[in-house]
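Values below: every heavy atom of this structure, side chains too, minus hydrogens, waters and symmetry copies.
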Amino acid sequence: MGNTIGKMFSVTSFGSSHGKAVGAVIDGCPANLELSPEDIQKELDKRKPGTSGVTTPRKEEDKVQILSGIFEGKTDGTPITGIVYNNNQHSKDYSMFKNTPRPSHGDYGWMSKYGNYDYNGGGRGSGRITIGHVIAGAIAKKLLKTKNIEIVSQVVQIGDIMAHSNDFDTVKENVEKNSVRCGDLEAAKAMEELILAKKQEGDSIGGIVETVAVGVPAGLGEPVFERLDGDLARILMNINAVKGVEIGFGFDVATSSASEINDEYYIEDNEIYTSTNSSGGIIGGISNGMPIISRIAVKPTPSISKCQKTVNLEKMEAKEISIQGRHDPCICPRATIVAQSSVAIVLADHMIRSGYIHPSNLEI
């Protein structure tokens, strides 16, 4: 199973939704990065469940424990292990799905591939597994901050409600002011109303999450199989419920002419910039020094209480199910921190690979 990503800064995810614990092992973080459990906890608090009406009511403290890799308040160059214990599992909520794959979940594929499948809460395929992404992302973001790189993610669309554009600092401030984690406070109100309406109907709704990284130097990425945008697309597409990834203008380039979207260069204070950023900060697979912009399309939570058709695999007969339990009426708000963490992991890896960050010791 593919549980590890990254070359120099690598992350191995472990655990399952209703198992004993979830977490990650991060290898390749240089020594002498100041790091505490609190640095990681503040990021985990942004994705933990039960914090508002637009998230699952499952209550988990999601308290991280660091088992290795930190000595006297700094990383020591060895693998960092972060673990979060599951304390509020309701596995009985899932017993009916032992031989009954839930529509638009990974159940049937997992059953077909492995046979021995933990159906409780989706097991290894649950969104709860993204705790490992956030643990690793918290470390990656702290590492990137030593080079003045910052990343922010926001919900820019829920259903047909779209946010208006704001500058980086405004978005960074506003996402902390609303439960939807949208940088446009007016749009956030309408988004929340739509999510809660779908929840009341026993349904769910999808949307789009945008991530912007500023301060990234030119020169990250390789020209063919390890392109920076390729690596970003890979990790973002690997987030649960993501069905599409865009960099820059994304699919809008298909209806554009080159004269409309080409990013022209100019010089200011002896630095090179582009007058537009339709390429999202990456051209030819390599960063060009402009903000890196990515978007993910997140599908509606497939666990809904409306009646749906499926089959009983043991009896090989049709069946109808209504999924109860505790589920997000919209995945997007909690997905923002996962997307942000994922982008940070890739950028940290490429910063080390490209020589911008020393691979062993930050003090060298």
Side-chain angles (χ1 to χ4, degrees), residues 1-3 13-22 49-50 54-60 86 88-133 158-160 194-209 234 236-245 296-335 338:
M1 295 175 69
N3 298 305
S13 166
F14 64 84
S16 61
S17 176
H18 286 215
K20 188 172 184 179
V22 292
V54 299
T55 69
T56 170
R58 177 175 176 172
K59 292 288 185 180
E60 289 281 4
N86 297 323
N88 193 226
Q89 309 97 312
H90 285 183
S91 296
K92 60 178 173 51
D93 292 345
Y94 298 90
S95 57
M96 69 177 70
F97 305 127
K98 182 177 181 180
N99 295 300
T100 309
R102 298 163 297 170
S104 288
H105 285 76
D107 299 350
Y108 180 66
W110 281 65
M111 290 175 185
S112 300
K113 182 176 179 67
Y114 298 109
N116 184 18
Y117 167 63
D118 180 0
Y119 53 84
N120 292 309
R124 182 74 180 139
S126 167
R128 187 155 177 77
I129 303 308
T130 58
I131 281 176
H133 295 60
I158 297 293
D160 59 0
L194 177 58
I195 294 170
L196 294 177
K198 291 296 179 183
K199 181 180 180 180
Q200 187 67 29
E201 296 168 8
D203 211 340
S204 63
I205 189 74
I208 296 175
V209 173
R234 179 191 177 201
L236 290 169
M237 198 70 192
N238 278 326
I239 299 172
N240 311 56
V242 171
K243 301 302 290 184
V245 177
I296 54 174
V298 184
K299 73 177 185 179
T301 311
S303 293
I304 57 175
S305 59
K306 285 180 176 288
C307 189
Q308 301 180 83
K309 294 180 180 179
T310 183
V311 295
N312 183 299
L313 298 176
E314 187 175 39
K315 297 179 180 180
M316 291 304 288
E317 63 184 24
K319 183 178 176 64
E320 290 188 346
I321 60 170
S322 174
I323 302 174
Q324 304 304 315
R326 304 162 298 173
H327 309 285
D328 292 89
C330 181
I331 298 170
C332 293
R334 294 170 67 209
V338 181

side-chain contact (heavy atoms from CB on, under 4.5 Å) partners of A197, counting only residues at least two apart: none
Under 4.5 Å between any side-chain heavy atoms of P329 and K198, yes or no? no
Test item: N86 and R128 side chains (from C-beta on) under 4.5 Å apart, heavy atoms: yes
Got I296 and I208 here, is their nearest side-chain heavy-atom distance under 4.5 Å? no
Heavy atoms of other groups near F14 CZ, more than 12 under 6.0 Å: yes
Of D160, I158, T301, which meets side chain to side chain contact (heavy atoms under 4.5 Å, CB included) against I205? I158
From CD (E201) to OG (S305), nearest 0.5 Å: 10.0 Å
Taking C-beta and beyond as the side chain, do L313 and P101 meet within less than 4.5 Å on heavy atoms? yes
Can you name the side-chain contact (heavy atoms from CB on, under 4.5 Å) partners of K315, sequence neighbours left out? N312, E317
Kindly indicate whether the side chain of S303, heavy atoms from C-beta on, has any atom under 4.5 Å from the side chain of R102. yes
I'd like to check the side-chain contact (heavy atoms from CB on, under 4.5 Å) partners of A297; sequence neighbours left out, ordered by chain and number. none
Taking side-chain contact (heavy atoms from CB on, under 4.5 Å) as the test, write out the residues that go with K306, two or more places apart. D203, I304
Could you tell me whether the side chain of I239 reaches within less than 4.5 Å of the side chain of M237, counting heavy atoms only? no
Side chain of H105, backbone of P103: donor and acceptor closer than 3.5 Å? yes
If I take atom CD1 from residue I195 and atom SG from residue C332, how far apart are they, to the nearest 0.5 angstrom? 7.5 Å
Might you work through the side chain to side chain contact (heavy atoms under 4.5 Å, CB included) test for M111 and D107, ending with a clear yes or no? CA-CA 6 Å; M111 290 175 185; D107 299 350; 4.3 Å; yes
What residues, two or more places apart in sequence or in another chain, satisfy side-chain hydrogen bond (donor to acceptor under 3.5 Å, both in side chains) together with S322? Q324
By side-chain hydrogen bond (donor to acceptor under 3.5 Å, both in side chains), which residues pair with S13, not counting sequence neighbours? R124
Is N99 reaching over with its side chain to a backbone N or O of E314, donor-acceptor style, under 3.5 angstrom? no
Compare all side-chain heavy atoms of V311 with those of K319 and state whether any distance is below 4.5 angstrom. no
Beyond-backbone contact of S104 with K299, side-chain heavy atoms, under 4.5 angstrom: yes
